[in-house]
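Order of appearance sets the numbers: ligands from 1, and atoms from 1 within every ligand. Residues: numbered from 1 along the sequence shown.
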Amino acid sequence: MTEQKIIAAVGATGAQGGGLVRAILSDVNRGFTARALTRNLNSDKATELAKFGADVVAADLDEIESLKRAFEGAYGAFCVTNFWEHFSPEKELAQATNMAHAAKEAGLEHVIWSTLEDTRQWVPLDDNRMPTLMGKYKVPHFDAKGEANQLFTDMGVPTTFLLTAFYWDNFIHFGMGPKRSPDGTLAITLPMGEKKLPGIAAEDIGKCAYGIFQRGHELIGKTIGLAGEHLTGTEMAAALTQARGEEVRYNDVSAEVYRSLGFPGAEDLGNMFQFKRDFNEIYCGARNVEVARGLNPELQTFDEWLAQNTSRLPLG
Ligand SMILES: NC(=O)c1ccc[n+]([C@@H]2O[C@H](COP(=O)([O-])OP(=O)(O)OC[C@H]3O[C@@H](n4cnc5c(N)ncnc54)[C@H](OP(=O)(O)O)[C@@H]3O)[C@@H](O)[C@H]2O)c1
């Protein structure tokens with residue numbers, strides 16, 4: 001039997017990295033095995049991964065030596081940061097730098113960097129259509145990830161740049177689910193006009209990442225954008241209506257209104273949706289459903305995702 005190649009998965013207890021670990025370990029013919037990185041070996045999710053067959057190891061993105069140890073002897077690594085834990089683009093950049101350094105030192109053959117666009121390439125800071133945030137960003141949680149791409153390239157890390165999309169799971173976990181208006185009707189609120197929003201089941205991101213590793217060196221140096229479907233707010237509301245058996249409306253607000261909603265990250269997300277709306281052709285063009293399905297034949301549509309998840313949506 002040929003030796004299995006180890007993939008070190010950052011964020012293994014989370015959505016993206018977890019999907020990758022489960023995809024690797026579910027593959028009966030696998031040439032790969034999963035090393036799951038976490039800061040807390042004793043969490044329920046870490047324990048679950050170990051039971052599933054992952055080699056669970058301790059690592060912290062803020063401690064480069066721990067990353068070097070966790071990457072040692074691996075063939076590849078899946079690298080992701082969690083902006084929403086700290087809301088700091090500088091921290092994301094520092095963590096990406098640590099991962100790129102550790103990957104280089106470990107001599108990894110293939111790294112996937114889970115990234116997003118540096119929106120400043122299209123909306124420079126002096127473009128007043130949306131406010132500049134934190135002094136030098138338009139969409140902080142996008143811009144720092146995009147800025148970090150160059151770190152991997154400059155360090156000569158053999159990297160595939162993975163452009164992810166809006167998780168439909170945000171309707172469950174991120175407070176974006178249908179909410180009941182004072183008049184009693186349910187509605188989702190998005191500042192997207194009638195433009196399409198590429199979305200994906202979060203679990204499919206890891207499955208697609210596994211597809212990228214399985215292609216060998218073919219996708220190194222390439223940018224791969226994922227989506228399960230591109231849907232308008234109206235189309236998503238119609239699908240939610242069908243799934244819930246109760247009308248869900250699409251509440252199309254302006255980006256200004258969205259930015260002022262007051263929850264942590266509202267300005268960042270308001271700018272993000274505005275970027276997706278105003279540069280819709282570029283944003284959608286970078287996320288290809290057929291490419292994603294080629295990497296992951298089980299890729300879900302929104303209706304398929306809803307069939308599995310409607311009962312988990314907030315009750316409004
Ligand atoms: N929500 C969306 O629609 C969407 C769409 C595209 C991209 N994204 C991006 O996805 C990223 C989050 O990924 P996710 O959703 O897969 O994460 P998640 O489910 O929120 O889980 C976060 C993961 O990051 C790990 N982590 C965080 N800080 C760490 C550190 N210092 N050292 C080691 N591990 C650390 C956690 O591991 P432990 O706690 O076990 O250590 C956990 O596994 C965000 O940056 C976001 O911008 C989100």
At less than 4.0 angstrom from any non-hydrogen atom of Glu85, what atoms of ligand 1 do you find? 27 (C), 28 (N)
Nearest 0.5 Å, what's the CG-CD1 distance between Leu219 and Ile212? 6.0 Å
Under 4.0 Å, heavy-atom basis, I'd like to know which part of Phe174 is in contact with ligand 1: side chain, backbone, both or neither. neither
Does a side-chain N-to-carboxylate-O contact under 4.0 Å join Glu63 and Arg69? no
Lys145: heavy atom below 4.0 Å from ligand 1, yes or no? yes
Go through ligand 1 atom by atom and flag the ones less than 4.0 Å from a non-hydrogen atom of His141. 47 (O)
Is there at least one pair of N or O atoms, one from Gly17 and one from ligand 1, spaced under 3.5 Å apart? no
Spatial distance of atom CE (Met236) from atom CG (Leu197) [nearest 0.5 Å]: 4.5 Å
Measure the distance from atom 45 (O) of ligand 1 to every protein heavy atom, then report the residue, atom name and distance (to 0.1 Å) of the closest one. Thr81 O, 2.6 Å
Around atom 26 (N) of ligand 1, find the nearest protein heavy atom and jot down its residue, atom name and distance. Arg39 NH2, 3.6 Å
So the atoms of ligand 1 within less than 4.0 Å of a heavy atom of Gln95 turn out to be 31 (N)
Between Lys91 and Asp62, is there a side-chain N and carboxylate O pair less than 4.0 Å apart? yes
Residues Glu117, Arg287: salt bridge by 4.0 Å N-O rule: yes
Touching ligand 1 at all, His173? Heavy atoms, strictly under 4.0 Å? no
Using a heavy-atom cut-off of under 4.0 Å, does the side chain or the backbone of Ser43 touch ligand 1, or both, or neither? neither
Could you tell me if the ring centre of Phe275 sits under 6.0 Å from that of Phe279? yes
Looking at Glu256 and Arg259, does any basic side-chain N land under 4.0 Å from a carboxylate oxygen? yes
Are Phe166 and Phe171 an aromatic pair by the rule of ring centers under 6.0 Å? yes
Phe83 neighbourhood, listing ligand 1 atoms whose heavy-atom distance to it stays under 4.0 Å: 44 (C), 45 (O)
among protein heavy atoms, the one nearest atom 16 (O) of ligand 1 is Gln16 N, 2.8 Å
Among all protein heavy atoms, pick the one closest to atom 32 (N) of ligand 1 and tell me residue, atom and distance. Leu61 N, 2.8 Å
For atom 21 (O) of ligand 1, what is the closest protein heavy atom, and at what distance to 0.1 Å? Gly14 CA, 3.4 Å
Heavy-atom distances under 4.0 Å decide this one: backbone, side chain, both or neither, for Ala202 against ligand 1? neither
Within the 4.0 Å heavy-atom shell around Glu92, which atoms of ligand 1 are there? 45 (O)
Please lay out, stage by stage, how Thr234 and Glu194 fare under the test side chain to side chain donor-acceptor pair (under 3.5 Å). CA-CA 7 Å; Thr234 304; Glu194 279 309 316; 2.6 Å; yes
Report the member of Thr13, Asn82, Leu37, Ile205 with the shortest heavy-atom distance to atom 40 (O) of ligand 1. Thr13
Sub-4.0 Å heavy-atom contact, Asp60 with ligand 1: yes
Check ion pair Glu48-Lys45 (N to O, under 4.0 angstrom): no
The protein heavy atom nearest to atom 1 (N) of ligand 1 is Asn170 OD1, 3.0 Å
So if I count the atoms of ligand 1 from 1 in the order they appear, which ones are less than 4.0 Å from some heavy atom of Ala165? 5 (C), 6 (C)
Using a strict cut-off of 4.0 Å, indicate which atoms of ligand 1 neighbour a heavy atom of Phe166. 3 (O)
Got a second to check how far Ile112's CD1 is from Ile220's CD1, nearest 0.5 Å? 9.5 Å
Among all protein non-hydrogen atoms, which one is nearest to atom 25 (C) of ligand 1, and what is the separation to 0.1 Å? Gly11 CA, 4.0 Å
Starting at CG of Leu116, measure out to CE of Met272 and round the result to the nearest 0.5 Å. 9.0 Å
Thr164 neighbourhood, listing ligand 1 atoms whose heavy-atom distance to it stays under 4.0 Å: 6 (C), 7 (C)
Structural part of Lys45 in contact with ligand 1, heavy atom criterion under 4.0 angstrom: neither
Any donor-acceptor N/O pair, Asn251 side chain to Ala187 backbone, under 3.5 Å: no
Which residue owns the protein heavy atom closest to atom 14 (P) of ligand 1, what's the atom, and how far is it? Tyr167 OH, 3.5 Å
NZ/NE/NH1/NH2 to OD/OE distance under 4.0 Å, Lys196 and Glu235: yes
Between Arg22 and Glu298, is the closest basic N to carboxylate O distance under 4.0 Å? no
